[in-house]
Amino acid sequence: MIWIFCTARSGSTWLRSMLHELVEGGVWEEPKVGRLFGEFYSRAKQTQLGRVNYVLGDPTREAWTSALRNFVLHTAWASHPSITPERYLIVKEPGGAIGAPLLMDALPESRMVLLARDPRDFVASVLDAVKNDGWMYEGLDEWARRDLSSERNLLRYLRVLSKQYVRQMSNGKRAFDSHEGRKVLLKYDDLRADTLSTMRHLCAALAIPVDERRLARVVGKHSWEKISENEKGAGKFYRKATSGGWREDLTPEQARIVEDITAPLLEQFS
């Protein structure tokens with residue numbers, strides 16, 4: 001299994017598409033298993049984690065880690081029956097990085113990709129997607145739409161996004177640092193600046209054999225320039241594909257809020 005952990009709006013769809021053409025296998029598209037277990041575990045109080053009767057308590061960690069492994073593998077096989085040990089299963093998990101420490105502990109033989117984007121660009125992309133003509137707007141509930149109609153509430157939402165980024169990527173980095181299997185840390189900026197070299201590095205790190213001509217062909221096929229112009233732009237799924245675009249998208253106050261909250265990770269991932 002090749003796990004792609006990241007936040008939303010970090011290029012995981014693009015990366016998944018290229019990887020899928022480079023390896024034999026399938027894609028497990030956003031199973032949300034990382035969120036399922038990670039959110040529950042991370043929100044537990046320390047007193048709960050120490051209880052033997054708590055379902056994810058530390059005293060019974062070995063048992064539930066084994067159960068988590070079986071849950072993931074059996075569910076993956078049930079949804080992708082054609083997958084065999086000789087084929088890859090790419091797991092795209094934007095938002096699932098919060099559960100990465102649990103998943104990598106349960107599946108140590110997995111390959112891991114931690115895909116990181118500058119938190120300011122992440123926030124700017126999400127804000128564009130949820131505005132009233134954005135591609136994510138229809139998916140918001142009525143309360144969320146109302147809440148985002150004022151600058152005050154928008155700043156509150158921006159703080160929520162920033163804290164979410166910290167929780168996700170802190171856990172992703174913790175899992176990455178402790179994972180003893182094949183792994184690679186990719187920055188979105190590097191993927192955009194030199195896609196071919198970055199993908200070559202990824203394949204080498206994950207021990208994925210790939211022909212240089214095939215790699216170049218796949219990278220070219222999925223380049224930003226190949227996306228139709230009417231599918232790109234403000235409010236659309238394919239928006240800018242730029243690094244540092246937050247300087248145009250965020251006000252100084254908005255950028256300062258994101259920087260203050262994400263400071264522990266900003267230097268690592270920007």
Query - Side-chain touch Phe71/Leu36, heavy atoms, less than 4.5 angstrom - result: yes

Query raised in the report: Heavy-atom count around Glu231 CD within 6.0 Å, excluding the residue itself: above 12?
Result: yes

Query raised in the report: Within a strict 4.5 Å, meaning less than it, do heavy atoms of the Thr7 and Pro94 side chains meet?
Result: no

Query raised in the report: Asn171 side chain to Pro101 main-chain N or O, any donor-acceptor pair under 3.5 Å?
Result: no

Requested in this report: Answer yes or no: is there an ion pair linking Arg239 with Asp249, defined by an N-O contact shorter than 4.0 Å?
Outcome: yes

Query raised in the report: Out of Glu21, His20, Arg16, which residue meets the side-chain hydrogen bond (donor to acceptor under 3.5 Å, both in side chains) rule with His222?
Result: Glu21

Report task. Please examine the side chains of Val91 and Ile2, heavy atoms only from C-beta on, and report whether any two atoms are closer than 4.5 Å. Result -> no

Query raised in the report: What is the distance from atom NZ of Lys187 to atom OG of Ser243, rounded to the nearest 0.5 Å?
Result: 11.0 Å

Query raised in the report: Will you find, in the side chains of Ser42 and Arg167, an N or O donor that is under 3.5 Å from an N or O acceptor?
Result: yes

Donor-acceptor list for residues 104-112 side chains, cut-off 3.5 Å, not counting sequence neighbours:
| unit_1 | atom_1 | unit_2 | atom_2 | d |
| --- | --- | --- | --- | --- |
| Glu109 | OE1 | Arg69 | NH1 | 3.2 |
| Glu109 | OE2 | Arg69 | NH1 | 3.2 |
| Glu109 | OE2 | Arg69 | NH2 | 3.0 |
| Ser110 | OG | Trp3 | NE1 | 3.2 |
| Ser110 | OG | Leu107 | O | 3.3 |
| Arg111 | NE | Leu206 | O | 2.6 |

Query raised in the report: Taking atom CG of Leu202 and atom CG of Asp190, what is their separation to the nearest 0.5 Å?
Result: 12.0 Å

**Report entry** Gap between atom CZ of Arg87 and atom NE2 of His80 - 0.5 Å precision
**Finding:** 10.0 Å

**Report entry** Val23 with Leu115, same ILVMFWY side-chain cluster at under 4.5 Å
**Finding:** yes

Query raised in the report: Same cluster for Val123 and Val160 if Ile/Leu/Val/Met/Phe/Trp/Tyr side chains link at under 4.5 Å?
Result: no

Report task. For Leu161 and Val258, run side-chain contact (heavy atoms from CB on, under 4.5 Å): C-alpha distance rounded to whole Å, both residues' side-chain angles, the deciding distance at 0.1 Å, then the answer. Result -> CA-CA 9 Å; Leu161 289 175; Val258 178; over 6 Å; no

Query raised in the report: Who are the ring-ring contact (aromatic ring centres under 6.0 Å, His included) partners of Trp14, not counting sequence neighbours?
Result: none

Query - Of all pairs that satisfy side chain to side chain donor-acceptor pair (under 3.5 Å), the ones with a partner from residues 256-265, not counting sequence neighbours - result: Arg120-Glu259

Query raised in the report: Does Ile98 share a hydrophobic cluster with Val33, counting links as ILVMFWY side-chain heavy atoms below 4.5 Å and allowing steps through other members?
Result: no

Query - Inter-residue atom distance Phe37.CZ - Leu102.CG, 0.5 Å rounding - result: 8.5 Å

Requested in this report: Name all residues meeting the side chain to side chain contact (heavy atoms under 4.5 Å, CB included) criterion together with Arg200; count only those two or more places apart in sequence or in a different chain, and write none if there are none.
Outcome: Leu196, Ser197, Glu212, Leu215

Query raised in the report: Should Val184 and Met1 be regarded as members of a common hydrophobic cluster, given that ILVMFWY residues are connected when their side-chain heavy atoms come within less than 4.5 Å of each other, either directly or indirectly?
Result: no

Query raised in the report: For Arg9 and Ser125, does a side-chain donor sit closer than 3.5 Å to a side-chain acceptor?
Result: yes

**Report entry** Check: Gln254 main-chain N/O paired with Thr251 side-chain donor or acceptor under 3.5 Å
**Finding:** yes

Report task. Write out all pairs satisfying ring-ring contact (aromatic ring centres under 6.0 Å, His included) with one or both partners inside residues 162-190, taking only residues at least two apart or from two chains. Result -> Phe122-Tyr165

Query raised in the report: Quick one: are Phe5 and Leu103 in side-chain contact, heavy atoms under 4.5 Å?
Result: yes

Query raised in the report: If you measure from CD on Glu29 to OG on Ser12, what distance do you get to the nearest 0.5 Å?
Result: 7.5 Å

Query raised in the report: How about Asn153 and Ser150: does a side-chain donor come under 3.5 Å of a side-chain acceptor?
Result: yes

Requested in this report: Any pair with a residue in residues 246-270 that passes ring-ring contact (aromatic ring centres under 6.0 Å, His included), sequence neighbours left out, goes on the list, sorted by first then second residue, please.
Outcome: none

Query - Within-4.5 Å side-chain heavy-atom neighbours: Pro59 and Arg51 - result: no

Query raised in the report: Same cluster or not: are Val126 and Ile257 linked, directly or through other Ile, Leu, Val, Met, Phe, Trp or Tyr residues, by side-chain heavy atoms under 4.5 angstrom apart?
Result: yes

Requested in this report: Calculate, to the nearest 0.5 Å, the distance between atoms OG1 and CG belonging to Thr75 and Asn70 respectively.
Outcome: 10.0 Å

Report task. Answer yes or no: are there more than 12 heavy-atom neighbours, outside Glu225 itself, under 6.0 Å from its atom CD? Result -> yes

Report task. Scan side-chain atoms only and decide if Thr198 and Thr195 contain a donor-acceptor pair under the 3.5 Å cut-off. Result -> no

